[in-house]
Amino acid sequence: MHIAVLAETRDGESRVAATPDSVKALIKAGAEVTVQKGAGERAAYTDAAYEAAGAKLATRAAAVKGVDVLFCVRRPDDETLKRLKDGALVIGLLEPHGATDFAKACADAHVNALAMEYTPRITRAQSMDALSSQSNLSGYRAVIEAAELYGRAFPMMMTAAGTIAPAKAFVMGAGVAGLQAIATARRLGAVVSATDVRPAAKEQVGSLGAKFIAVEDDEFKEAETAGGYAKEMSDAYKAKQAELVASHIAKQDIVITTALIPGRPAPRLITKAMVEAMRPGSVIIDIAAGNGGNCELSEPDKVVEHNGVKIAGFTNLPARLAADSSQLLAKNLVNLFPLLVGEDGGFAPHWEDEVIVGMALTKDGAVIHPSLTGDA
Ligand code: NAD
């Protein structure tokens, strides 16, 4: 089986879908790997390291010629889709929600697309789950960005010149990113609280030493879907939640928001009035800014200031840790590899396997994912 890895073309995307270590693992498993020259440069992986790992280096056009599989971080461009052979597979973070145009372009090019965002949340697929591997780093990096924008220290410091109070950090959404944000803010010495609508989050937040704040009514008890994600809450719940958040947020120095609902705009959790109740110098990092934002004032990829409160809407925090995020994403792909080969080691995707079924957007010239065909 022949795999290609290209340099990413999206603005600000510094990750790469294979590292020298992952190339070594793929070759050991029987694959042949071609990497576009310079593909790993922005993630600090050199051409020489890929070559030493056994990859062939090629120009962009030559790298995809005749390959069975393209590993990518983000969607490939149209030109690349057209260069791929009939029946080739593209795997990456393809932003599949509502992606009718992209899926049609793949189907028209007879390219079979697997979206890593749709990796099923089953134990067997955990090691292939790129949303988790990347969210974890987002949560960490969000706190580091907050520390950079905050004009004060995080830990309590008792000095001869007086005492500095610890920063108060509030994490909204305690999924993979949120839990890592809690852990990171605690390591830096902040006093941390967190909220979520899923009851399972309560114990996880507590086990990290943070205080759990939430409206724990009957709706809260049923807010988790079978897939482990949050449901969209009713307007009545949202109103109660907003009241609780408004009083809590006014006392916070750092707020990290991570709340997402698959396939829906991010829930609006922080209003302009809530921002105005915070003290100047406070910082909000809105990890959901790329999905519409949890804060009314956040703007994608901008740091805006309102009444002295800085609101940052970074949409690609993993790219700010490109070496590590690439390493984990590349490992997710290595873990997926056995589902792409047959017993003889040749290219033979396991189309019946529930992991592949969950991820497949297109097959044999047709769009097949139920969320795109209207069968969901
Ligand atoms: P996510 O990125 O979809 O959302 C982030 C968090 O926001 C979630 O915890 C969600 O409950 C929360 N949220 C949504 N609406 C909210 C609101 N109105 N107010 C406050 N919070 C709100 O979620 P995620 O990080 O992918 O994780 C969700 C769960 O799935 C976690 O428990 C995680 O451990 C689990 N998970 C399981 C697997 C697996 O079993 N293979 C893999 C990954 C994640």
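Remember, predicted model here, so these are calculated numbers, not experimental data. When a ligand or atom number is given, it counts from 1 through the structure's own listing order.
- Here the heavy atom of the protein found nearest to atom 1 (P) of ligand 1 is L260 CB, 4.0 Å.
- Within a 6.0 Å radius of CG in D375, other residues, nucleotides and ligands contribute more than 12 heavy atoms.
- For atom 34 (O) of ligand 1, the closest heavy atom belonging to the protein is V176 CG2, 4.4 Å.
- When each atom of ligand 1 is checked for a heavy atom of A174 under 4.0 Å away, the hits are 9 (O).
- Remark: among candidates M172, M128, Q126, E232, the nearest residue to atom 40 (O) of ligand 1 is Q126, based on non-hydrogen atoms.
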Ignoring hydrogens and angles, write down the donor-acceptor pairs under 3.5 Å from the side chains of residues 168-177, residues two or more places apart or on other chains.
none

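- Atom 19 (N) of ligand 1 has Q241 NE2, 2.8 Å as its closest protein atom, hydrogens excluded (heavy atom only).
- Annotation: atom 43 (C) of ligand 1 to nearest protein heavy atom, S132 OG, 2.9 Å.
- Salt-bridge annotation for E232 and R264: present, with a side-chain N of the basic residue lying under 4.0 Å from a carboxylate O of the acidic one.
- Counting only residues at least two apart or on different chains, the salt bridge (charged side-chain N to carboxylate O under 4.0 Å, His left out) pairs with a member in residues 51-71 are E32-K56, R60-D77, D68-K85.
- Contact between L269 and ligand 1 is present, with at least one heavy atom of the residue lying under 4.0 Å from the ligand.
- Distances from atom 11 (O) of ligand 1 to the heavy atoms of N136, T258, D196 put D196 nearest.
- Among all protein heavy atoms, the one lying closest to atom 29 (C) of ligand 1 is G228 O, 3.1 Å.
- Residue contact check for ligand 1: A201 places no non-hydrogen atom closer than 4.0 Å to it.
- Given atom 15 (N) of ligand 1, the protein heavy atom at minimum distance is P267 CG, 3.7 Å.
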